[in-house]
Undergrad: 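Pasting in a structure now, in structure tokens, and then I'll have a few things to ask.
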Amino acid sequence: MSKFEENKKFLKRYKPYLRQLRRLEDRLYQLDDRIESTHSARITGMPGGGIPRGLNDELGQREELEQRINNLLMESRPIKHEILSTLDHLDNPNQANVLELFFINDMDLYMISENLDYSFRQANRLYKEGIMNVIPMS
């Protein structure tokens, strides 16, 4: 495997976590909408405090989703920190900026070039040079 591919593999380790976190946060947002739209609880005199069964299920799902999100955050935090620390040691801050946006913020090179006011070619060049200049900590 070439140095470029090894460095790229090192930098890509955080992206799956970020995508999973976004997916779970989207589900949590949708679940919160459903919970919020549920009509207020009516006191029925039955066990369960008058809270409809569906709401209990949704609150349980919400708690489970929050736990999954917290677990992923705890797992991904050291990886993210290691990548950011590596990028902070690059000599060229423009390369570090492009790589951080690409590998940590999950932006594509077109979005990065627009965001940083670079041409696509310049963003692509900084991306490739940055990957070559990365010295993985591990």
Side-chain angles (χ1 to χ4, degrees):
M1 185 181 300
S2 70
K3 177 183 177 186
F4 182 85
E5 289 301 318
E6 284 180 30
N7 289 352
K8 189 173 169 183
K9 184 178 177 181
F10 169 80
L11 294 169
K12 284 173 63 171
R13 295 175 304 141
Y14 178 69
K15 271 190 173 189
Y17 287 103
L18 181 63
R19 290 178 179 164
Q20 281 290 63
L21 285 165
R22 285 183 179 159
R23 181 183 69 81
L24 292 175
E25 287 170 348
D26 283 346
R27 287 185 57 197
L28 185 61
Y29 178 75
Q30 292 168 359
L31 188 58
D32 281 345
D33 274 353
R34 281 200 318 263
I35 290 170
E36 191 174 306
S37 68
T38 303
H39 299 303
S40 61
R42 289 175 290 181
I43 304 300
T44 62
M46 300 299 291
I51 297 175
R53 181 74 179 136
L55 184 57
N56 277 338
D57 292 343
E58 288 174 339
L59 291 173
Q61 289 174 5
R62 186 183 197 295
E63 188 175 312
E64 182 181 311
L65 273 173
E66 284 179 331
Q67 186 60 47
R68 290 170 63 193
I69 289 169
N70 287 333
N71 289 343
L72 279 173
L73 284 170
M74 294 301 291
E75 274 181 53
S76 67
R77 197 167 283 140
I79 294 168
K80 181 180 179 181
H81 175 73
E82 184 180 17
I83 292 168
L84 288 172
S85 181
T86 299
L87 296 178
D88 289 344
H89 288 89
L90 282 174
D91 291 334
N92 185 328
N94 296 331
Q95 292 172 357
N97 201 16
V98 168
L99 293 180
E100 183 174 340
L101 291 172
F102 189 87
F103 290 105
I104 300 298
N105 295 12
D106 200 24
M107 293 173 68
D108 65 33
L109 289 175
Y110 288 105
M111 290 172 55
I112 293 169
S113 63
E114 286 181 15
N115 191 310
L116 299 178
D117 238 4
Y118 294 158
S119 69
F120 176 78
R121 285 180 55 166
Q122 184 179 16
N124 193 37
R125 179 181 54 79
L126 289 167
Y127 167 83
K128 289 178 179 176
E129 289 173 356
I131 290 175
M132 287 303 294
N133 292 328
V134 162
I135 301 171
M137 301 292 227
S138 56

Undergrad: Grab the two heavy atoms, one from Lys9 and one from Arg13, that are nearest each other, plus how far apart they are.
TA: O-CG, 3.4 Å

Undergrad: Any side-chain heavy-atom pair from Leu109 and Val98 closer than 4.5 angstrom?
TA: yes

Undergrad: Can you tell me how far CD of Gln122 sits from CG of Asn124, rounded to the nearest 0.5 angstrom?
TA: 11.0 Å

Undergrad: Determine whether the aromatic ring centres of Phe102 and Tyr127 lie less than 6.0 Å apart.
TA: yes

Undergrad: Would you call Glu82 and Phe10 a side-chain contact if the rule is heavy atoms closer than 4.5 Å?
TA: yes

Undergrad: Could you tell me which non-hydrogen atom of Gln20 sits nearest to which non-hydrogen atom of Leu72, and how far apart they are?
TA: CB-CD1, 3.7 Å

Undergrad: Would a 4.5 Å heavy-atom cut-off, applied to side chains only, mark Leu116 and Leu101 as touching?
TA: yes

Undergrad: Hey, is NZ on Lys15 packed in by over 12 heavy atoms from elsewhere, all under 6.0 Å?
TA: yes

Undergrad: First locate atom CG of Leu28, then atom CZ of Arg23, and finally report the distance between them rounded to the nearest 0.5 Å.
TA: 12.0 Å

Undergrad: About how many Å separate CG of Leu126 and CD1 of Ile131, when rounded to the nearest 0.5 Å?
TA: 11.5 Å

Undergrad: Does atom CG of Asp91 have more than 12 heavy-atom neighbours, drawn from other residues, nucleotides or ligands, at distances under 6.0 Å?
TA: no

Undergrad: As a test of understanding, state which of Leu84, Leu90, Ile112 forms a side-chain contact (heavy atoms from CB on, under 4.5 Å) with Leu99.
TA: Leu90

Undergrad: Between Asn70 (side chain only) and Glu66 (backbone N and O only), is there a donor and an acceptor less than 3.5 Å apart?
TA: yes

Undergrad: Quick one: OH on Tyr29 to CG on Asp33, what's the gap to the nearest 0.5 Å?
TA: 5.0 Å

Undergrad: Under the side-chain hydrogen bond (donor to acceptor under 3.5 Å, both in side chains) rule, what do Asn94 and Tyr118 come out as? Steps first, then yes or no, please.
TA: CA-CA 10 Å; Asn94 296 331; Tyr118 294 158; 3.3 Å; yes

Undergrad: Would you say Val134 and Gln95 make side-chain contact, with heavy atoms under 4.5 Å?
TA: no

Undergrad: Within the 4.5 Å heavy-atom criterion, are Ile135 and His89 side-chain neighbours or not?
TA: no

Undergrad: Is the closest side-chain heavy-atom distance between Leu65 and Leu31 below 4.5 Å?
TA: yes

Undergrad: Taking NZ, NE, NH1 and NH2 as the nitrogens, is one of them in Arg62 or Glu58 under 4.0 Å from a carboxylate oxygen of the other?
TA: no

Undergrad: Mind checking the CG-CG spacing from Leu73 to Leu18? Nearest 0.5 Å is all I need.
TA: 10.0 Å

Undergrad: Rounded to the nearest 0.5 Å, what's the gap from CZ on Arg68 to CD on Gln61? Could you check?
TA: 10.5 Å

Undergrad: Tell me whether the NZ or CZ atom of Lys128 lies within the 45° cone about the ring axis of Phe4 and under 6.0 Å from its centre.
TA: no

Undergrad: May I ask you to decide if the ring planes of Phe120 and Tyr110 are parallel, tilted or perpendicular, using 30° and 60° as cut-offs?
TA: parallel

Undergrad: Under the side-chain hydrogen bond (donor to acceptor under 3.5 Å, both in side chains) rule, what do Gln67 and Asn71 come out as? Steps first, then yes or no, please.
TA: CA-CA 6 Å; Gln67 186 60 47; Asn71 289 343; 3.0 Å; yes

